[in-house]
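The structure appears right after this line, and notes come after that.
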Amino acid sequence: MCFLSKCYLYFPERFYIYSVNIHFLYLRFFMRMSKLVGRRIKEDPRDAQIISHKFIIRGGYARPVSTGIYSLLPLGKNIAKKIEDIIREEMNAIDGQEVLMPVVLPRELWEESGRYESVGGELLRFKDRNGKDMLLGMTHEEAVCHLIRTEINSYKQLPVMVYQIQTKYRDEARPRAGLIRVREFTMKDAYSFHESQECLEKYYEKAHQSYENIFRRLGMNNVVSIKSDSGMMGGAVSHEFMAISEAGEDTIFMSPCGKYKANREVATAAWKFFSEPSKELEKVYTPDKTTIEEVAAFLGVKPEHTGKAVFYVDNNENLIFVMIRGDFEVNETKLRNYLKTPQLNFANDEQIRKAGSVPGYASPVGLGKNKIRIVVDKSVAESSNLVAGANEEHYHFKNFNLSRDLPGAEIIEIATVRAGDPCPITGAPLEEKRGIEIGNIFQLGTKYSEKMNCNYLDNNGKSKPIIMGCYGIGVGRNLASVIEQSHDEYGPIWPMSIAPYHVHICALNIKEENVKSVSEKLYADMKAAGIEVLYDDRGEKAGFMFNDADLIGVPLRVIISPKTLETNSVEFSTRGNKDKQIISLASIIETIEGRIKDELEKYK
RNA sequence: CGGGAUGUAGCGCAGCCUGGUUAGCGCGUUUGACUGGGGGUCAAAAGGUCGAGAGUUCGAAUCUCUCCAUCCCGACCA
């Protein structure tokens with residue numbers, strides 16, 4: 001057993017040799033329930049919608065302090081610490097070095113990168129007592145560039161990776177879902193520095209593997225890595241790690257075989273559109289029919305045979321006319337990326353009229369291309385004889401054909417994928433899933449290092465910006481995601497690797513002297529053996545204790561009662577499994593050590 | 001930022017429409033007794049600026065106004 005084995009510490013300068021049980025080197029958790037801070041609650045909190053939120057509150061893992069701001073109680077903190085330690089091990093294994101950067105940062109640093117201006121209200125800005133502008137760090141690219149540019153000067157020092165496990169603050173517009181979307185949270189953020197793109201890419205692969213290790217070791221059984229939109233982080237390549245769960249905020253499309261998987265923001269499909277010989281353009285009367293559904297029903301066609309007009313305004317007040325087949329929705333992320341604009345909003349009726357169009361009956365036909373930018377989705381370009389607006393109240397056109405009626409239009413793919421659309425690789429119907437983003441990795445390149453003078457001298461003595469990658473994991477979000485993926489109706493079922501304790505002792509009828517003395521001794525012996533043990537010494541009714549134990553979700557359970565003591569034994573069971581074994585008192589510690597070892601082995 | 005809802009004991013809620021002694025209920029908490037293998041029973045007790053402020057009224061948890069907070073949907077989201 002690892003924590004019983006001896007280890008020798010050697011201090012050469014003094015020639016002292018110590019022999020200690022290895023468990024003295026690691027913090028181990030143990031507690032008696034009568035003293036455990038954090039109560040269990042029988043009823044679901046009113047505002048909780050998802051399982052993890054309910055169990056986190058009901059089990060006494062965390063308490064809300066303000067919107068999206070939580071205190072962790074001992075149970076939650078124990079788990080968080082184990083999650084952090086697993087992350088540390090994996091980061092150290094890919095040559096990471098732990099550092100700690102400040103939560104509070106000065107404005108100047110963020111002005112260097114340009115993000116003081118470009119990031120919106122989620123960056124919390126404030127003044128210190130001298131009136132100096134400060135902010136709360138929501139991510140640490142600026143801080144790490146500040147650190148590295150003074151410490152790293154030479155190619156000989158590269159590559160290098162530093163990481164921290166630190167509080168982040170993002171002034172989210174709408175925190176929700178318990179620990180999944182919060183304002184203040186703990187995050188591991190790592191930053192790697194390289195001479196070349198090749199070196200970054202090689203390291204990026206290692207980080208990807210490291211992340212897969214981490215999520216497996218946390219006991220997450222359904223995590224996928226998908227290529228993602230880099231958003232305002234910039235950079236060429238990025239991946240999101242998604243814990244598949246109904247509670248997730250992101251929508252993912254996957255082919256059944258798993259060959260293709262993508263966030264809805266960037267997902268595409270091998271759509272096939274129908275085309276037939278063009279018919280004559282024909283104006284038809286469609287009184288008060290302004291939506292696709294109404295027009296299609298009125299004319300007796302399917303939405304697939306219509307074209308939909310959507311107007312957007314970018315941040316410079318430019319109007320953009322988008323046309324897409326009636327049964328599709330515009331994917332704004334794709335459109336934004338294509339237009340290279342940071343912001344898009346729906347245009348209002350007044351703006352649409354000003355451009356010479358008619359809301360509800362808008363059409364690209366007759367709209368001057370010089371007056372307004374017209375972008376057309378492939379679904380319209382490759383279909384024929386569609387119903388489209390006529391730019392006139394109560395009228396639509398039948399048999400709109402893009403190549404004939406609007407030649408030279410900008411044609412791109414901006415449709416949102418739908419469940420069942422054909423996979424772009426295999427052609428199989430795509431499945432739609434929800435996911436919680438529990439980690440992400442980015443190839444940043446020189447986006448920050450260039451602006452922030454984070455340079456090194458190459459082997460020719462030339463100064464160059466360092467090529468960077470960054471890698472994040474949210475600790476609390478992972479805790480919640482494990483609950484989402486591992487629970488039953490009574491509470492979480494913690495994997496041994498991150499369980500708040502390894503064993504839960506339930507003493508039944510503790511008023512009986514025999515039960516009390518044996519339980520106390522077992523608790524003491526387990527502590528001495530380095531087993532992480534939670535001991536329910538409260539003398540509650542059996543059912544009450546078991547329900548609490550289920551909410552705490554400790555993997556192994558030992559029950560001591562007058563009945564079991566008649567045969568000098570205890571009952572032993574596993575969380576999530578009603579089967580119980582009778583084990584003699586003499587061998588219970590050995591049995592448990594074996595089980596803990598076997599379980600921990602699965603998460604190595 | 002837009003739409004909707006809610007604030008009453010530690011937690012979950014009733015009371016408000018139709019103003020009127022001392023503001024209730026369940027869970028939890030404390031004390032005692034019984035009980036003892038899936039949230040047990042009985043008895044007693046503690047616990048409230050009814051979100052805040054202003055107003056109407058002889059009288060406001062209840063009606064009016066303002067503000068604050070929280071939650072849901074949307075917008076937003078390195």
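Note: hydrogens, waters and symmetry copies are ignored here, and every other heavy atom, side chains too, is used. Labels below follow one simple rule: chain letters A, B, ... track the order of the sequence lines, proteins then strands, and each chain is numbered from 1.
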Nearest whole angstrom, please: distance from the [atom2] of [N] to the [atom1] of [X].
X: A:Asp548; N: B:rG40; atom1: CG; atom2: P; answer: 11 Å
X: A:Phe544; N: B:rG28; atom1: CZ; atom2: C1'; answer: 8 Å
X: A:Lys42; N: B:rG38; atom1: NZ; atom2: C1'; answer: 12 Å
X: A:Leu73; N: B:rC11; atom1: CG; atom2: P; answer: 14 Å
X: A:Ile50; N: B:rC71; atom1: CD1; atom2: C1'; answer: 14 Å
X: A:Arg538; N: B:rG36; atom1: CZ; atom2: P; answer: 20 Å
X: A:Asp44; N: B:rG39; atom1: CG; atom2: P; answer: 18 Å
X: A:Glu329; N: B:rA75; atom1: CD; atom2: P; answer: 12 Å

- Task: Identify which one of A:Lys35, A:Lys511, A:Arg32 satisfies the salt bridge (charged side-chain N to carboxylate O under 4.0 Å, His left out) criterion when paired with A:Asp537.
- Result: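 It is A:Arg32, the one option of A:Lys35, A:Lys511, A:Arg32 that forms the salt bridge (charged side-chain N to carboxylate O under 4.0 Å, His left out) with A:Asp537.
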
- Message: If the test is salt bridge (charged side-chain N to carboxylate O under 4.0 Å, His left out), which one of A:Arg40, A:Arg39, A:Lys541 qualifies with A:Asp548?
- Response: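 Result for salt bridge (charged side-chain N to carboxylate O under 4.0 Å, His left out) with A:Asp548: A:Arg40.
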
If we call it a pair only when both distances are under 3.5 Å in a Watson-Crick or G-U wobble match, what pairs with [N]?
N: B:rC25; result: B:rG12
N: B:rU49; result: none
N: B:rG74; result: B:rC1
N: B:rC34; result: B:rG40
N: B:rG55; result: B:rC63
N: B:rA69; result: B:rU6

In whole angstrom, give me the gap between the [atom1] atoms of [N] and [M].
N: B:rA69; M: B:rA23; atom1: P; result: 30 Å
N: B:rG4; M: B:rG39; atom1: P; result: 44 Å
N: B:rU49; M: B:rA45; atom1: C1'; result: 23 Å
N: B:rC50; M: B:rU62; atom1: C1'; result: 10 Å
N: B:rC16; M: B:rU31; atom1: C1'; result: 37 Å
N: B:rG19; M: B:rG12; atom1: P; result: 30 Å
N: B:rA60; M: B:rU21; atom1: C1'; result: 15 Å
N: B:rC67; M: B:rG3; atom1: P; result: 14 Å

Within the pair [X] and [N], is there a side-chain N or O less than 4.0 Å away from OP1 or OP2?
X: A:Arg39; N: B:rC11; result: no
X: A:Arg46; N: B:rC13; result: yes
X: A:Thr67; N: B:rC71; result: yes

- Is there a side-chain contact between A:Met220 and A:Ile438, using heavy atoms and a 4.5 Å cut-off?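 The answer is yes, as the side chains (C-beta and beyond) meet within the 4.5 Å cut-off.
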
- Query: Would you call A:Phe544 and A:Arg538 a side-chain contact if the rule is heavy atoms closer than 4.5 Å?
  - Reply: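 Of all side-chain heavy-atom pairs linking A:Arg538 with A:Phe544, at least one is under 4.5 Å.
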
Which part of the nucleic acid does [X] contact within heavy-atom distance under 4.0 Å: base, sugar-phosphate only, or nothing?
X: A:Ser573; answer: nothing
X: A:Glu540; answer: base
X: A:Asn547; answer: base
X: A:Arg174; answer: base
X: A:Arg63; answer: nothing
X: A:Gly539; answer: base

- Query: Can you say whether the rings of A:Tyr203 and A:Tyr471 are parallel (under 30°), tilted (30 to 60°) or perpendicular (over 60°)?
  - Reply: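 Rings of A:Tyr203 and A:Tyr471: perpendicular, as their planes differ by over 60°.
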
- Using heavy atoms to find the nearest nucleotide of RNA chain B for A:Asp189 and A:Ile41 separately, return the residue whose nucleotide is more 5′.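 So the residue in question is A:Ile41.
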
- Item | Given RNA chain B, 5'-ward residue of the pair A:Asp550 and A:Arg176, judged by closest heavy atom |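 Nearer the 5' end of the strand: A:Asp550.
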
Listed nucleotide nearest any side-chain atom of [X], set [options]:
X: A:Phe546; options: B:rU70, B:rG37, B:rC71; value: B:rG37
X: A:Lys541; options: B:rA75, B:rG36, B:rG39; value: B:rG36
X: A:Glu43; options: B:rG37, B:rG26, B:rC76; value: B:rG26

- Message: Looking at A:Thr564 and A:Glu571, would you say the former's side chain and the latter's main chain have a donor-acceptor pair under 3.5 Å?
- Response: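 No, A:Thr564 side chain to A:Glu571 backbone: no donor-acceptor pair under 3.5 Å.
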
- For A:Ile87, does its backbone N or O pair with a side-chain atom of A:Lys188 as donor and acceptor, under 3.5 Å?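 No; zero donor-acceptor contacts below 3.5 Å.
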
- Go through residues 507-515 of chain A and report each residue with a non-hydrogen atom lying under 4.0 Å from RNA chain B, sorted by number.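 Close to the strand are A:Leu508, A:Asn509, A:Lys511.
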
- Reference residue A:His239; test ring-ring contact (aromatic ring centres under 6.0 Å, His included); the match among A:Tyr204, A:Phe442, A:Tyr211: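 The single option meeting the ring-ring contact (aromatic ring centres under 6.0 Å, His included) with A:His239 is A:Tyr204.
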
- Message: Under the side chain to side chain donor-acceptor pair (under 3.5 Å) test against A:Glu141, which residue among A:Arg115, A:Lys447, A:Lys451 passes?
- Response: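 Of A:Arg115, A:Lys447, A:Lys451, side chain to side chain donor-acceptor pair (under 3.5 Å) with A:Glu141 is met by A:Arg115 alone.
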
- Query: Mind checking whether A:Tyr191 and A:His140 have ring centres under 6.0 Å apart?
  - Reply: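 That pair fails the under 6.0 Å test.
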
